[in-house]
Structure formats: structure tokens, C-alpha cells
Protein chains: 2
Amino acid sequence: MSKKPKVKRVVKPELQAKGHMRTRAAHATELAEDYVEVISDLLDEHGEARVSDIAARIGVTHVTVTKKVSLLARDGLVTTKPYRSIFLTDLGREVARRSRERHQIVVDFLVKLGVPKDAAHTDAEGIEHHVSSVTLEAFKRFVKDEVNGAS
Amino acid sequence: MSKKPKVKRVVKPELQAKGHMRTRAAHATELAEDYVEVISDLLDEHGEARVSDIAARIGVTHVTVTKKVSLLARDGLVTTKPYRSIFLTDLGREVARRSRERHQIVVDFLVKLGVPKDAAHTDAEGIEHHVSSVTLEAFKRFVKDEVNGAS
DNA sequence: GTATATTTGTAGCTAATGCTAATTTTTTTA
DNA sequence: TAAAAAAATTAGCATTAGCTACAAATATAC
Ligand SMILES: [Mn+2]
Ligand SMILES: [Mn+2]
Ligand SMILES: [Mn+2]
Ligand SMILES: [Mn+2]
């Protein structure tokens, strides 16, 4: 009985580095995306987005939200007034729209693949930020394609 | 022409928070996983894992590597001696093995789905850390399943 | 064997994400 | 309307990840 063949899978260092750099870039923006998505949802559902509600949906303390929101304001994604609801700028709305759309595609994709709904939602929250446009297109195709439906 | 139907997709706050908390948990460990994976590769290929080679593959400066490696040592994943190669502990080897395996499954999955190789590698580097065991199983199934091959 | 080049380490900085504790403001209730 | 409850802010702390600039050690070349 021979040892596992162990496939030679040598990748060029620069290419590998590219992957890690892209991952870091994604991490630099993903939290902002999640926040504006949540804020957008709250605005749709309740007409306002309050710090405590955002905190409940992101799973952090309200202090963490306050701090992040001030960075979002600095970056032009939201507008704030002390003790008042947070609102989205045009840019914030656009980012939210795209994030929500991508999020939904990832969830639908995982569900169609056979992942249970709960896990699909949980995993999608992380996966969504690392899906390039070409991969997103592949996900879309798979969701649309009747061939891959539950047979 | 009516506006888009806009599906009501209201998720319970706690469930949504769970997703974000899982994402944060993943981010807390993923960098360590990528480092030990790279270190393991270097040890296999060259018999030693040097700071500068790790830096080239992760795409950061050697200073960043030195600092992270000392945290990895603190956490029992690697052993170090000044100006010498870095080696893996038993735990480090185990983490590397699992990470590499999962990484490969994600890459194979994306490729089988029709994502170009370069994008598959790049995206996998981020996606891998957010794939739960049930989703990983779904990926494996899809890769094995002849039905989904290029027709 | 010395000089040079490469590699590794250290010091010190910025920025982000998270927290608890204490304060202030707003909202609700009595 | 005054007291109590809820919500938001501020201050201050810890941790991590990244960087540049500089110093020390190791490896290579002559
Ligand atoms: Mn997300
Ligand atoms: Mn991530
Ligand atoms: Mn990775
Ligand atoms: Mn990896």
C-alpha cells in the first residue's frame, strides 16, 4: 500500500499572494457593506435605523455600532445626527442595493446546491464578500439552470 | 409596468446576528490557517519555511510575518528560533492539513462550476474560511457528481 | 577572511474592531 | 410634569494587522 500520491500543486508565489491580498481588500470593505445592508433593511421595515436595532442584527454592542457608524459617515455612506436615526446617502443606498442583491444570490445558490436554509444564511454572510463578479455570474447561472434543480 | 415585487425577506434579528458572529469568528482564525498552510507548503517544498518566503506568498512585508509568527508560536501552532526556519507543531500540522484539504475542495468546486482557474484560486482564498461543514459536504458532492460535469 | 548582500529582528507608528463603565439625552410612564 | 426606563454617546482599554525606518545577524562573494 503506497502513500497518497500527493498531487504537485505548486502555485506561483505572486499569484498566491494575489489571493491573500484580495481577501484583505474584501475584509476592508465587508463590514461597511453589512452595516449599510442592515441599515437599509431597517429603513425599509421601520422608516428609521437606530443604533440599538443595528446592534441586535449585527450581534455587537451598541457602542461598537456608534463607532462604526461614525466611520461610515466619514466615508460618505450614511448621515447622522446625535440621538437620531441613521440614514443612507445616495452612495450608501447604492452600496446597500448591490450588497443585498449579491447576498441574495449567494443564499439562493447555496440553497439550490442543497445546503439547509439556516446554514445557507449563516455561510452566505461570510462568503458573499469574497465572490468575484465572474464567480457571481456562475452562481447566477447555476440558480437559473433548471438542470441542477432537486431532481 | 409595476415596480419589482420586492420579496418580503424578513429574518429574525438573532438569526441574522448569528451569521455575522460566525463571520467574525472565522476572521479571528483564518489568518492563522493561511499562515500554517503556507508554512506547511514551504516545508514540503524546501524543507524550511523562512520569513521572507512566507511574506512573498502572503503578500505582506517580512515585518508583518515576524509579528504574526510570534502570535502563532504563542498559540502553539509553530516553533521558532531567532534567524532560523519556522516549523510546525503537531497542532500546526493538523490545522494545515485540514485547511489545505478544505482549500482544495473549494478550488475544485469553483472550477467544476465553471469559474476560470485564476479567479477560482483567488476567490477560494477568502471563501474557504466561511464554509461550514455541511456546505463543504455539498461542495464535495457536487465535485464528485458526474452529472454536473462540463457537458 | 573580509566586505557585501540578504535576511531577520526591533522600535514605533496608524488604523480598525471589539469591549466595559460611566454619562447624557430622549422617551415613556405614572 | 416629574420619575423611571431606554437609548445613545463618550472615555478608555485591549488586541490585531499592517506599515516604514533602522539595527543586527547570517550568508554569499571576492
Ligand atoms: Mn456579510
Ligand atoms: Mn472573510
Ligand atoms: Mn484563505
Ligand atoms: Mn488557503
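No hydrogens, no waters, no symmetry mates; every other heavy atom, side chains included, goes into these values. A note on names: the letters A, B, ... follow the listed sequences, proteins ahead of strands, and every chain is numbered from 1.
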- Working to the nearest 0.5 Å, report the span between CD1 of Ile127(B) and CZ of Arg102(B).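 It is 11.5 Å, given to the nearest 0.5 Å.
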
- Query: Where each residue is assigned the nucleotide of DNA chain D containing its nearest heavy atom, which of Arg50(B) and Thr61(B) is assigned the position nearer the 5′ end?
  - Reply: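 Its nearest nucleotide being more 5', the pick is Thr61(B).
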
- Task: Please tell me which of Val60(B) and Asp75(B) maps to the more 5' nucleotide of DNA chain D, matching each residue to the nucleotide holding its nearest heavy atom.
- Result: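 First, find each residue's nearest nucleotide; the 5'-ward one identifies Asp75(B).
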
- Phosphate contact (dT16(D) OP1 or OP2) by Arg74(B) side-chain N/O below 4.0 Å: yes

- Task: At the 4.0 Å heavy-atom cut-off to chain B, mark where contacts on DNA chain C begin and end, going 5' to 3'.
- Result: dT7(C) to dG18(C)

Pair [X] + [Y], salt bridge at N-O below 4.0 Å:
{"X": "Lys18(A)", "Y": "Glu14(A)", "value": "no"}
{"X": "Asp108(B)", "Y": "Lys140(B)", "value": "no"}
{"X": "Glu101(B)", "Y": "Arg97(B)", "value": "yes"}
{"X": "Arg57(B)", "Y": "Glu45(B)", "value": "yes"}

Kindly point out which of [options] is positioned nearest to the side chain of [X]?
{"X": "Leu71(B)", "options": "dA11(D), dA17(D), dA27(D)", "answer": "dA17(D)"}
{"X": "Lys67(A)", "options": "dG18(D), dC13(D), dA8(D)", "answer": "dC13(D)"}
{"X": "Tyr83(B)", "options": "dA24(D), dG18(D), dA27(D)", "answer": "dA24(D)"}

- Item | Partner of Ser132(B) under side-chain contact (heavy atoms from CB on, under 4.5 Å), chosen from Val115(A), Asp123(A), Leu110(A) | Asp123(A)

- Return the value, rounded to whole Å, for the distance between atom CZ of Arg84(B) and atom P of dA24(D).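 Distance, rounded to whole Å: 19 Å.
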
- Item | Rounded distance in Å - NE2 (His62(B)) to C1' (dG18(D)) | 13 Å

- Message: For His130(B) and His130(A), take the angle between the two ring planes, folded into 0 to 90°, and tell me which bin it lands in: parallel under 30, tilted 30 to 60, perpendicular over 60.
- Response: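 His130(B) and His130(A): parallel rings.
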
- No-hydrogen, no-angle side-chain donor-acceptor test under 3.5 Å, His129(A) and His103(A): no

- Message: Categorize Ser52(B) for me: base, sugar-phosphate, or nothing, with a 4.0 angstrom heavy-atom threshold over every strand shown.
- Response: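 If one applies the 4.0 Å heavy-atom cut-off, Ser52(B) turns out to touch the sugar-phosphate alone, with no base involved.
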
- Select base, sugar-phosphate, or nothing to describe what Val63(B) touches, counting heavy atoms under 4.0 Å on all strands.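 Base contact - Val63(B) has a heavy atom under 4.0 Å of at least one base atom.
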
- Of residues 12-35 of chain B, the positions that come close to DNA chain C - non-hydrogen atoms, cut-off under 4.0 Å: Arg24(B)

- Query: Are Leu72(A) and Phe87(A) connected in the hydrophobic side-chain network, where two residues link if heavy atoms are under 4.5 Å apart?
  - Reply: yes

